[in-house]
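Encoded as structure tokens, the structure appears first; notes follow it.
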Amino acid sequence: MVIKVYNTLTHKMEVFEPFNPPIIRLYVCGPTVYDYTHVGHARTYVAFDAIKRFLKLKGFETVHAQNITDIDDKIIDRANKEGVSWRDIAEIYTNDYLEALEKLRIEVDFSPKATQHVDEMIDFISKLIEAGFAYESHGSVYFNVDKFLEYGKLSRRTKGEEWRQEEQFMREKRKPYDFVLWKKAKPGEPYWESPWGPGRPGWHIECSVMSCFYLGTKIDIHGGGTDLIFPHHENEIAQSEARYGVKPWVKYWLHTGFLTIKGEKMSKSLGNIIPLKDVFKEHKPEVLRLMLVLTHYRSTIDFSYELLEQYERIYDRLRSCVDLLIRIAHKENLNFKISNQDLKIAERIDEFLLGFIKSMEDDFNGAKAAPYLHDLISISYTSIIPSGKAELALRALNAFKRMNQVLAVLDDVFHTKGFEREFVDKLVKIVIDVRHMHRARGDYEVADKIRELLASLGIKVMDSKDGSTWSYV
RNA sequence: GCCGGGGUAGCCGAGCGGUUAGGCGGCGGGCUGCAGACCCGCUUUACAGGGGUUCGAAUCCCCUCCCCGGCUCCA
């Protein structure tokens, strides 16, 4: 089955055909580390992580690079304001970012830092000057946009007036829309030595340099938030295609929709930025991740804690369901005797898995895939768990595992070691049995106390006429 | 102003020419010592407004209204 993707470059849905299958080279524009990572960042990074995980599920091999911009005007400004070195600022927020990736189960193969690739950037810029695509002026270097005839093809801006950028350097630039590749250092600013004197790299150049350095000049997917289309990605294309003469340098440009707060974009001036560390105080990272993966990556998400709490319930239901299935699957009554009715259930499980995968094949549409996850949960509760049949539980678990390759919110449930799980099972069963003795004799005070104590360990006990079941909260 | 993305039942949100997607919430019921979880039923034949094309439109075309984003830095 083919995968379809929406390409910002062509504004169309296209059949996904990587340059050199089964390898897929993926570059995602990472953060400038001058402040805490926020939910908007998470949206983009989780979206691309899910896309990558889905491609892996489909049998592709992926190489994923996501840069860290650790030198930039904003970092310098912040350092000056706080009276600390720019390196300290970069380090604090780099750590915050890496921690966020880990919590959200985002796996990146390369996290290159701009400051570690300054030599390559200087070389890249020199080559652009040699080829006539860039010029030195007053100790800075600018890209000569007029020389790159296809400028504007990604953002579909055709008029020069729409390209204005970095206007404060108008005295040095030939055209208002030329952009800086190398920025001359002012006194007191951090700098690196270069053929044009002390300075630091411009913002756009690092992504061109690092993506080509780690992934080569034929990149399958390049992504980021929609706000990066212009000027950042437009400039990256100009730099890279001018430098290497390759076309297209990137085959598929993918952009994530915004995450807004009460309908408005997060911004410093509105003061509505929600840092991840705040979200994680009360909510599990997996809940946020589940919400983000089950929303289409291009649509706007109007974030609210109420919305997140909806997914919290879904997450709890999912977890309990899988947990119960695992316990059934571990029973020793496997005989693979399956009735016709069981077979029908098994077929439906397969249908749900297939539906999930097909939905993801359609431009990684997590929102379209979500109902199949719900169907799988539902059939587990209505048919599989009550039946207590390990054969069916195993089949459902297999489907959940596949879905989880993309979702990545159940890793801890699946990774609990067999022995450990068995031991905990037996231990909890003993406690529950003891509680039953109290219940049988009507001593509900002790029974409730036991239930309460188990709950404090994250173990939820549920009584029914067939005895008690339990699961992790 | 220009360029994008949208407006779908209380809320979130798929579908994008023909089988009442799904979830969340609410209400009622079942189960239960209580509670929770879970199950069943209802809320649900909804698609901004107007016109057109069609045997048939939430889906295509035209007009209007409204919301959000981008157009110096931003995931």
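Throughout, protein chains are lettered first and strands after them, A, B, ... in sequence-line order, and every chain is numbered starting at 1.
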- To the nearest Å, how far apart are A/L318 CG and B/C38 P? 12 Å
- Could you tell me whether A/L373 contacts a base, only the sugar-phosphate backbone, or nothing, with contacts defined as non-hydrogen atoms closer than 4.0 Å? nothing
- A/R298 to A/Y6, cation-pi by 6.0 Å centre distance and 45° axis angle: yes
- Between A/K265 (NZ) and B/C67 (P), how many Å, whole number? 20 Å
- For atom CG of A/D463 and atom P of B/C39, their distance in whole Å: 17 Å
- Residues A/Y297 and A/A47: closest non-hydrogen pair is CB-CB, 3.8 Å
- Item | Side-chain donor or acceptor of A/S378 paired with backbone N/O of A/D375 under 3.5 Å | no
- Item | Ring-on-base stacking B/G69 with A/F258 (under 5.5 Å, under 30°) | no
- Message: Counting primed atoms plus P, OP1 and OP2 as sugar-phosphate and everything else as base, spell out the protein contacts along nucleotides 10-23 of chain B at 4.0 Å heavy-atom distance: B, S or - for each nucleotide, 5' to 3'.
- Response: --SSSS-----BSB
- Task: Describe the nucleic acid contact of A/P386 in one word from base, sugar-phosphate, nothing, applying a heavy-atom distance below 4.0 Å.
- Result: nothing
- If only atom types and distance count, is the side chain of A/S299 paired as donor or acceptor with the main-chain N or O of A/H296 below 3.5 Å? yes
- Message: Just to verify, which of A/F364, A/F48, A/F16 counts as forming a ring pair (Phe, Tyr, Trp, His ring centres under 6.0 Å) with A/Y252?
- Response: A/F16
- Query: What is the nucleic acid contact for A/Y45, judged by heavy atoms within less than 4.0 Å: base, sugar-phosphate only, or nothing?
  - Reply: sugar-phosphate
- Between B/G70 and B/U64 - C1' atom distance, rounded Å: 24 Å
- Message: Using a 3.5 Å limit on both distances, find every run of at least three consecutive Watson-Crick or G-U pairs that involves RNA chain B.
- Response: B:1-7 with B:65-71, B:10-12 with B:22-24, B:25-30 with B:38-43, B:48-52 with B:60-64
- Worked verdict on A/Y93 versus A/D70 for side chain to side chain donor-acceptor pair (under 3.5 Å): CA-CA 9 Å; A/Y93 298 113; A/D70 59 345; over 6 Å; no
- Identify whether any heavy atom of A/G224 sits under 4.0 Å from a base atom; if not, whether one sits that close to sugar-phosphate; answer base, sugar-phosphate or nothing. sugar-phosphate
- Query: Parallel, tilted or perpendicular: which describes the rings of A/Y27 and A/H222, with under 30° parallel and over 60° perpendicular?
  - Reply: tilted
- Give A/E306 one of three labels, base, sugar-phosphate or nothing, depending on what nucleic acid heavy atoms sit under 4.0 Å from its own. nothing
- Message: Using a 4.0 Å heavy-atom cut-off, does A/V28 contact any base of the nucleic acid, only the sugar-phosphate backbone, or nothing at all?
- Response: nothing
- Sugar-phosphate, base or nothing in reach of A/R78, heavy atoms under 4.0 Å: nothing
- Expressed in angstrom and rounded to an integer, what is the separation of A/K175 atom NZ from B/U72 atom C1'? 19 Å
- Item | Parallel, tilted or perpendicular: rings of A/Y97 and A/Y45 (30°, 60°) | perpendicular
- Note on the structure: Residues passing the ring pair (Phe, Tyr, Trp, His ring centres under 6.0 Å) test with A/F169, sequence neighbours excluded, are none
- Look at all strands and tell whether A/R156 reaches a base, only sugar-phosphate, or nothing, counting heavy atoms closer than 4.0 Å. nothing
- Message: Please classify the nucleic acid contact of A/H255 as base, sugar-phosphate, or nothing, using heavy-atom distances under 4.0 Å.
- Response: nothing
- Task: Quickly work out the A/D323 CG to B/C38 C1' distance and round it to whole Å.
- Result: 15 Å
- Query: When rounded to the nearest Å, what value does the distance between P atoms of B/C61 and B/G4 take?
  - Reply: 15 Å
- Considering only atom C1', compute the distance from B/A21 to B/C34 and round it to an integer number of Å. 38 Å
- Query: Within this structure, what is the OH-to-C1' distance between A/Y151 and B/C71, rounded to whole angstrom?
  - Reply: 12 Å
- Message: Given B/C40, B/A75, B/C73, identify the nucleotide with an atom nearest to the side chain of A/K74.
- Response: B/C73
- Any donor-acceptor pair under 3.5 Å joining the side chain of A/D72 to the base of B/C73? no
- Whole-Å gap separating C1' (B/C3) and CZ (A/R157): 8 Å
- Task: Ignoring the backbone of A/T256, work out which of B/C73, B/G69, B/A75 is nearest its side chain.
- Result: B/A75
- Message: Of the options B/A75, B/G25, B/C34, whose atoms approach the side-chain atoms of A/R451 most closely?
- Response: B/C34
- Are A/H233 and A/H255 near enough that their ring centres are under 6.0 Å apart? yes
- In terms of the nearest nucleotide of RNA chain B, which residue is placed more toward the 5' end: A/I377 or A/T44? A/I377
- Message: Tell me whether A/R174 forms a cation-pi arrangement with A/Y135, defined as NZ or CZ under 6.0 Å from the six-membered ring centre and within 45 degrees of its axis.
- Response: yes
- Item | A/L292 CG - B/A75 C1' separation (whole Å) | 12 Å
- What nucleotide, of B/U72, B/G69, B/A75, holds the atom closest to the side chain of A/E264? B/G69
- Message: Within the 4.0 Å heavy-atom criterion, would you say A/T382 contacts the bases, only the backbone, or no part of the nucleic acid?
- Response: sugar-phosphate
